[in-house]
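Below you'll find the structure, written out as structure tokens, and then a few comments.
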Amino acid sequence: MPRYDPAVTEPKWQRAWEEAGVFTARRDPARPKYYVLEMFPYPSGRIHMGHVRNYTMGDVIARYKASCGFSVLHPMGWDAFGMPAENAAIERGGHPKDWTYGNIADMRAQMKPLGLSIDWSREFATCDPEYYGQQQAMFLDMLDKGLVYRKSAQVNWDPADMTVLANEQVIDGRGWRSGALVERRELTQWFFRISDYAGELLEALDRLEHWPEKVRLMQANWIGKSRGLQFAFSTLGAPEGFDRLEVYTTRPDTLLGASFAAISPDHPLARHLERHDPEVAAFVADCRRVGTSEEALEKAEKRGLDTGIRVRHPFDTAWELPVYIANFVLMDYGTGAIFGCPAHDQRDFEFATKYGLPIEPVFLPEGAAHGDGDRDEDGAAPLAEAFVPPKSERVEYVRGFAGERVQTGEAAVNAAIAFCEANGVGRGVTNYRLRDWGLSRQRYWGCPIPVVHCAACGVVPEKRENLPIRLPDDVSFDRPGNPLDRHPTWTRATCPACGAEARRETDTMDTFVDSSWYYARFTAPHAKTPTVPEEVDYWMNVDQYIGGIEHAILHLLYSRFFARAMHVTGHLPAKAIEPFDALFTQGMVTHEIYMTRDAAGRPVYHLPEEVEGGIIKATGEAVEIIPSAKMSKSKKNVVDPVNIIKAFGADTARWFVMSDSPPERDVEWTASGADAAFRFLGRVWRLADEIAASAAPDNAAEDAALIRATHRTIADVTAGIEGFAFNTSVAKLYAFANTLSKSQAGAAARREAMGVMAQLLSPMVPHLAEEIWSMLGGEGLVAQARWPEADPAMLVDERVTLPIQINGKRRAEITVPRDMDAAEVEKLVLADEDVVRFLAGKPVKKLIVVPGRIVNVVI
RNA sequence: GCGGGUGUGGCGGAAUUGGCAGACGCGCCGGACUCAAAAUCCGGUUCCGCAAGGAGUGUCGGUUCGAUCCCGACCACCCGCACCA
């Protein structure tokens with residue numbers, strides 16, 4: 001008997017699709033379009049199960065939409081710039097370019113056997129000069145429009161390697177390679193003016209209806225709009241030029257609880273003091289030893305240094321507050337200076353406790369101050385922690401100065417701002433947490449920033465006819481630092497303004513720039529301009545974008561900004577300023593970890609294929625099994641898709657990653673699950689084989705039942721795909737296979753049902769679906785067949801079974817006509833013998849009938 | 001530290017989003033076929049209990065006729081924190 005053999009059938013159908021050009025995206029104004037995009041991969045050299053899951057999801061959508069009659073665009077490319085290529089060059093020699101293009105070739109070869117419905121003719125890599133040259137052109141356009149500028153910013157500097165470090169390369173304050181203590185350094189760098197769009201990027205989130213709520217929330221919090229008061233303290237004993245200290249606060253209602261002022265170590269006043277006071281210099285230098293990431297700053301122990309300077313409270317000139325330099329005050333946010341109210345801010349509370357500063361409550365929980373009805377009692381027990389209720393909660397102000405005595409924090413803030421403005425103490429200010437996007441990288445393997453530095457003219461944009469400014473190939477990584485910086489000829493340029501010799505900019509762009517517009521480039525990947533109007537008009541926006549939740553903020557926010565910038569510079573139509581209509585964030589692929597210990601007790605990890613039944617096959621040693629974790633090379637809990645495809649075929653891998661777990665959740669790869677997927681596909685194949693050969697006569701009752709089940713399955717599977725619940729589609733297909741194999745229906749009805757099965761399977765396991773389709777004598781390719789439609793009349797049942805609960809516990813059930821009215825149902829329920837038995841004569845207090853659903857009897 | 005999320009049988013998960021908790025799959029148990037095994041097919045399988053019955057969706061509390069679903073507190077794990085991609 002012939003068997004299902006994916007090694008033969010999968011390449012066969014891939015060839016058939018290619019020959020028919022099924023996946024070539026065609027701009028067809030007569031048809032609606034559908035653009036499905038998965039976040040493009042970094043070419044690490046190996047695909048992993050996460051890729052398989054991500055691209056299979058996109059493929060299911062792409063194939064489904066195509067069979068629904070859409071003109072589908074489903075492209076693939078490579079996010080090819082970035083540090084790993086340079087690291088490889090440093091560690092193993094060779095050139096980042098060779099490493100990258102080699103990896104791309106390897107990964108493409110690993111990806112193709114998956115049978116994805118990708119239009120490979122649109123493939124590109126962001127390190128192709130044809131791509132980054134267009135990016136440089138857009139950079140110049142953005143420069144013209146004032147969307148890019150230069151300013152000083154801090155970087156992590158490794159003094160041993162003489163290089164800038166990424167945050168992830170700073171481990172416990174030391175450089176990952178050199179182990180040297182990392183310093184913060186200031187460099188002049190390029191920035192995009194994303195903060196100009198903060199308000200708009202925030203407001204537009206409301207219109208992204210098909211984005212996950214959590215992503216919109218995360219972005220909203222990241223943008224961080226706040227309403228507050230900015231005002232100036234007058235200072236005492238401050239150096240000349242610092243007679244005022246501007247602070248920003250989101251809680252001006254707590255002004256009467258102020259007990260100190262604090263400035264950032266990077267505040268101009270701190271900078272000034274640093275130059276004259278060795279103690280300040282030492283403290284500030286110490287603060288700068290912490291990395292530049294917000295996480296590092298927040299986790300560091302809260303410390304401060306009293307500057308000796310005092311400020312006067314704006315409401316009471318006799319009231320003086322000390323000014324500290326504090327390591328937790330961020331220069332980038334607000335004015336880089338704050339006042340501390342320890343009673344109502346946990347961080348201020350810890351700071352005040354540490355430095356013995358007063359902690360005076362401004363408000364108390366509503367009702368907590370009753371009794372004497374006056375001010376709070378003096379000598380009350382000291383607070384154990386700050387009282388920080390939500391701003392929406394009503395509290396009682398004991399040191400209020402504006403608004404009601406009992407009011408919400410929100411109302412109090414507004415009243416305080418109004419009061420302060422009326423009394424000439426500062427002004428209400430709307431602030432955003434979002435900072436401008438620093439795009440400069442002091443690295444080789446990135447898109448060169450197309451400007452030159454001229455002694456006479458300053459920073460001058462390159463001439464457009466000189467684009468692309470290509471990366472030089474003759475570089476080496478045997479010395480520390482950026483090879484561009486020390487390149488003898490590449491750095492030499494001619495000033496486009498005056499013709500004098502100038503120095504080429506050696507900063508390259510953040511790789512987030514590359515990934516902020518690739519979706520638009522896919523619509524015209526080989527054009528001589530960044531985009532082509534007819535193409536972006538037709539294909540944009542991306543109808544469905546799919547990727548990991550780890551990109552919820554940066555990549556997606558930058559892309560939203562970049563699309564706006566591309567609109568301003570004429571590269572995208574207004575409709576595309578929100579480039580992704582719908583977003584789906586998928587979970588990870590996880591696996592158990594197998595561990596033993598060496599003689600010294602250190603963990604030793606083992607690959608899944610080395611282990612069977614909790615035992616290492618080669619040695620018979622038992623392993624410790626650590627539950628499911630994200631696949632990682634260092635823990636060796638990885639499964640190589642290439643091996644899976646070799647052993648079972650692509651359809652099994654695809655079927656597995658679509659099964660079980662909801663797509664947004666993690667899925668655990670298990671060997672038994674892969675076996676099960678393979679077994680099921682074989683079973684479907686045998687079933688099709690048997691049905692194709694069957695000559696069973698019609699059987700009216702069985703045929704009708706099977707037809708109803710078929711329509712039910714069409715509806716369920718379609719709903720699963722539409723709702724991104726592929727795991728439920730899979731479950732329904734399992735159930736349908738069970739139904740179909742047990743059905744006593746005639747050959748014609750079973751053949752019909754099997755044909756539908758092939759179609760419903762086709763988005764997930766396209767090769768097997770084609771094979772079955774052809775076994776049944778289906779016309780053409782199932783990939784080009786029209787998606788089946790469920791007949792609504794087939795989906796409703798005439799009779800329904802209602803569970804009957806007594807006091808919320810299920811005790812009986814009755815089967816009634818679907819539309820029987822509630823009064824009739826009540827009568828039947830009360831007459832039901834199980835109900836009568838349970839009631840045991842007790843009176844019914846309440847009877848709830850939810851039509852078509854449930855009955856609840858309350859006694 | 002801050003922001004966001006997740007938690008259901010031995011395991012992955014389902015539940016029309018306030019209406020029968022455990023669909024479907026794995027695993028396990030039993031059976032058929034086989035000299036035997038594999039493969040395949042059929043049946044069973046939340047827990048406690050002989051049963052009647054009781055308990056049960058991370059923990060504790062609340063709202064409701066009714067809570068996996070809504071609210072509050074807590075615990076555990078995961079993601080992000082602006083130079084990883």
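Remember, predicted model here, so these are calculated numbers, not experimental data. Each chain gets a letter, A, B and so on, in the order the sequences are listed, and its residues count up from 1.
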Nearest-Å distance for atom pair [atom1]/[atom2], residues [X] and [N]:
| X | N | atom1 | atom2 | answer |
| --- | --- | --- | --- | --- |
| A:Met218 | B:G80 | CE | P | 10 Å |
| A:Lys845 | B:C65 | NZ | C1' | 11 Å |
| A:Asp834 | B:A52 | CG | C1' | 14 Å |
| A:Tyr734 | B:G25 | OH | C1' | 6 Å |
| A:Gln219 | B:C79 | CD | C1' | 15 Å |
| A:Arg853 | B:G66 | CZ | P | 19 Å |

Practice item. Quick one: classify the glycosidic conformation of B:U17 as syn or anti, with syn meaning within 90° of 0. Key: syn
Exercise for review: If the glycosidic angle is within 90 degrees of 0 it's syn, otherwise anti, so just tell me which one B:G9 is.
Suggested key: syn
Could you please name the option among [options] that lies closest to any side-chain atom of [X]?
| X | options | value |
| --- | --- | --- |
| A:Asp510 | B:G66, B:C83, B:C24 | B:C83 |
| A:Asn727 | B:A14, B:C20, B:G4 | B:A14 |
| A:Ala731 | B:C24, B:G1, B:G5 | B:C24 |
| A:Pro84 | B:G19, B:G13, B:A85 | B:A85 |

Taking any heavy-atom pair under 4.0 Å as a contact, classify [X]: base, sugar-phosphate, or nothing.
| X | result |
| --- | --- |
| A:Val850 | base |
| A:Leu434 | base |
| A:Glu664 | nothing |
| A:Val215 | nothing |
| A:Asn807 | nothing |
| A:Pro662 | sugar-phosphate |
| A:Ser659 | nothing |
| A:Gly673 | nothing |
| A:Arg216 | nothing |
| A:Ala676 | sugar-phosphate |
| A:Asn856 | base |
| A:Ser515 | nothing |
| A:Gln442 | base |
| A:Arg347 | nothing |

Please tell me if [X] has a side-chain N or O lying less than 4.0 Å from either OP1 or OP2 of [N].
| X | N | result |
| --- | --- | --- |
| A:Arg712 | B:U16 | no |
| A:Arg683 | B:C41 | yes |
| A:Arg441 | B:A85 | no |

Practice item. Mind checking salt bridge (Lys or Arg N to Asp or Glu O under 4.0 Å) for A:Arg251 and listing every partner two or more places apart, or none if nothing turns up? Key: A:Asp253
Exercise for review: Any chance you could lay out the side-chain hydrogen bond (donor to acceptor under 3.5 Å, both in side chains) test for A:Asp158 and A:Thr163, step after step, and finish with the verdict?
Suggested key: CA-CA 5 Å; A:Asp158 184 324; A:Thr163 185; over 6 Å; no
Any donor-acceptor pair under 3.5 Å joining the side chain of [X] to the base of [N]?
| X | N | value |
| --- | --- | --- |
| A:Glu294 | B:C81 | no |
| A:Asn221 | B:G3 | no |
| A:Gln154 | B:C83 | no |

Review point. For RNA chain B, what is the dot-bracket line, given that a base pair needs Watson-Crick (N1 to N3, plus N6-O4 or O6-N4) or G-U wobble (N1-O2 and O6-N3) geometry with both distances under 3.5 Å, and | means paired with another strand?
Key: (((((((..(((......[....)))((((((.......))))))(((....)))..(((((..]....))))))))))))....
Aromatic [Y] / basic [X] pairing, under 6.0 angstrom, 45° off normal:
| X | Y | answer |
| --- | --- | --- |
| A:Arg184 | A:Trp157 | no |
| A:Arg150 | A:Trp190 | yes |
| A:Lys302 | A:Phe351 | no |

Review point. Would you say the side-chain atoms of A:Asp514 and A:Gln135 include a donor-acceptor pair closer than 3.5 Å?
Key: yes
Review point. Does the side-chain hydrogen bond (donor to acceptor under 3.5 Å, both in side chains) test come out yes or no for A:Asn738 and A:Arg683, once each step is laid out?
Key: CA-CA 10 Å; A:Asn738 291 341; A:Arg683 194 179 140 212; 2.6 Å; yes
Review point. In a check of side chain to side chain contact (heavy atoms under 4.5 Å, CB included) between A:Val855 and each of A:Ile806, A:Val850, A:Leu847, A:Ile848, which one passes?
Key: A:Leu847
**Study point:** Separation of the P atoms in B:G7 and B:U57, to the nearest angstrom
**Key:** 14 Å
Point to revise | Donor-acceptor contact present, side-chain A:Arg811 to main-chain A:Gln805, <3.5 Å | key: no
Review point. Is there a donor-acceptor pair closer than 3.5 Å between any side-chain N or O of A:Thr508 and the backbone N or O of A:Arg443?
Key: yes
